[in-house]
Amino acid sequence: MSITHDQNAMNSKPIEQNDEMMLPRPVRDSQSEMSEIVLPNDANPLGALLGGRLMHWIDLAGAMAAHRHARNYVVTAAIDHMDFWVPVHVGDLVILRSSVNRVFRTSVEVGVKVWVENYIADECHHVGSAYLTFVAIDAAGSHLQVPAVIPETEDQRRRYDDAGRRREIRRAERERRKANLR
């Protein structure tokens, strides 16, 4: 068992990272849902949701799933490509659903799917999806090992496999960028 100390004044007890905390967890334990109503301060002059605001919400939704799975602090390490498929307007309800796709020792890939619901017109549309990588850390910023994830459904197994391929693409792209800096 390893022990790290939480420097939060509200919780001065050590956080124990014991064998039980490291048991694999099913994807369903990390699934999170978050809803936001688009208000005027979330929008551009045309009344459409600002992309940066949506990306902020995506980061929060992703962090919820990563926190639930890791049961520890997590920080955003990366966000993959983001497309905005349909516009979102003031008054619309934005629904963000997230879950852990795969764990890689100290990092976690989380998928976030975003929907817009116009509850007056009774319509719901897929806005976009994003994959985020979070790293588990202790209060001092040291990386912590994360329990494995157990995909239970066919869709979860597909996302688990796809996460491995995306990781390899991210690594190759990171190496390409490093080479271009020289």
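From a predicted model like this one, the values you see are computed outputs, not experimental measurements.
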Same cluster or not: [X] versus [Y], using hydrophobic residues (I, L, V, M, F, W, Y) connected whenever any side-chain heavy atoms lie under 4.5 Å apart?
X: Met64; Y: Val27; value: yes
X: Met34; Y: Phe84; value: yes
X: Val88; Y: Ile120; value: no
X: Leu96; Y: Leu93; value: no
X: Leu60; Y: Leu132; value: yes

| Is the count of non-hydrogen atoms from other residues, nucleotides or ligands lying under 6.0 Å from Asp122 atom CG greater than 12? | no
| query | More than 12 foreign heavy atoms under 6.0 Å from CE of Met82: is that the case here? | reply | yes
Minimal non-hydrogen separation, [X] against [Y], with atom names:
X: Ser98; Y: Ala61; value: OG-O, 2.7 Å
X: Val74; Y: Ala63; value: CG2-O, 4.2 Å
X: Ala136; Y: Ala70; value: CB-CB, 4.5 Å

Roughly how far apart are [X] [atom1] and [Y] [atom2], rounded to 0.5 Å?
X: Ile58; Y: Lys113; atom1: CD1; atom2: NZ; value: 13.0 Å
X: Thr153; Y: Tyr160; atom1: OG1; atom2: OH; value: 14.0 Å
X: Arg97; Y: Ser129; atom1: CZ; atom2: OG; value: 11.5 Å
X: Leu144; Y: Ile137; atom1: CG; atom2: CD1; value: 8.0 Å
X: Ile150; Y: Gln156; atom1: CD1; atom2: CD; value: 10.5 Å

| field | Those residues that, when tested against Gln31, pass side chain to side chain donor-acceptor pair (under 3.5 Å) (two or more places apart) | value | none
| note | Applying side chain to side chain donor-acceptor pair (under 3.5 Å) to Asp80 and not counting sequence neighbours gives Arg170
| query | Among pairs that include at least one residue of residues 85-95, which meet salt bridge (charged side-chain N to carboxylate O under 4.0 Å, His left out), considering only residues two or more places apart or in two chains? | reply | none
| task | May I have all residue pairs that pass salt bridge (charged side-chain N to carboxylate O under 4.0 Å, His left out) and include part of residues 50-69, sequence neighbours excluded? | result | Asp42-Arg53
| query | Given the rule in the side-chain contact (heavy atoms from CB on, under 4.5 Å) test, do Arg174 and Arg171 qualify, once you have shown the distances and angles that lead to the verdict? | reply | CA-CA 5 Å; Arg174 190 170 44 248; Arg171 279 187 173 171; 3.3 Å; yes
| side-chain contact (heavy atoms from CB on, under 4.5 Å) between Arg102 and Arg167: does it pass, once the steps are laid out? | CA-CA 10 Å; Arg102 191 160 178 172; Arg167 184 174 199 225; over 6 Å; no
| task | Report yes if the side chains of Val127 and Val94 come closer than 4.5 Å at any heavy-atom pair, otherwise no. | result | no
| query | Are Arg158 and Asp161 close enough for a salt bridge, meaning some N to O gap below 4.0 Å? | reply | no
| Residues Glu173 and Arg176 bridged, charged N to O under 4.0 Å | yes
| message | Going by ring-ring contact (aromatic ring centres under 6.0 Å, His included), name the pairs with one or both residues in residues 86-117, residues two or more places apart or in two chains. | response | Trp115-His126
| said: Between Asn44 (side chain only) and Leu46 (backbone N and O only), is there a donor and an acceptor less than 3.5 Å apart? | reply: yes
| request: Give a yes or no on whether the backbone of Asn72 and the side-chain of His67 come within a donor-acceptor separation of less than 3.5 Å. | output: yes
| message | Quick one about Arg159 and Ser99 (side-chain donor to acceptor, distance below 3.5 Å, no hydrogens or angles considered), yes or no? | response | yes
| said: One pair to check against side-chain contact (heavy atoms from CB on, under 4.5 Å): Asp162 and Asn101. What are the steps and the verdict? | reply: CA-CA 9 Å; Asp162 290 350; Asn101 289 336; over 6 Å; no
| field | Verdict with reasoning, Arg157 to Glu154, per salt bridge (charged side-chain N to carboxylate O under 4.0 Å, His left out) | value | CA-CA 5 Å; Arg157 282 188 281 281; Glu154 203 51 48; 3.4 Å; yes
| Phe134 and its side chain to side chain contact (heavy atoms under 4.5 Å, CB included) partner, picked from Val146, Val100, Val110 | Val110
| Remaining members of the apolar cluster that contains Ile169, side-chain heavy atoms under 4.5 Å | none
| task | Apply the test side-chain contact (heavy atoms from CB on, under 4.5 Å) to residues Val116 and Val86: give CA-CA distance (whole Å), side-chain angles for both, the deciding distance (0.1 Å), then the verdict. | result | CA-CA 9 Å; Val116 60; Val86 298; 4.0 Å; yes
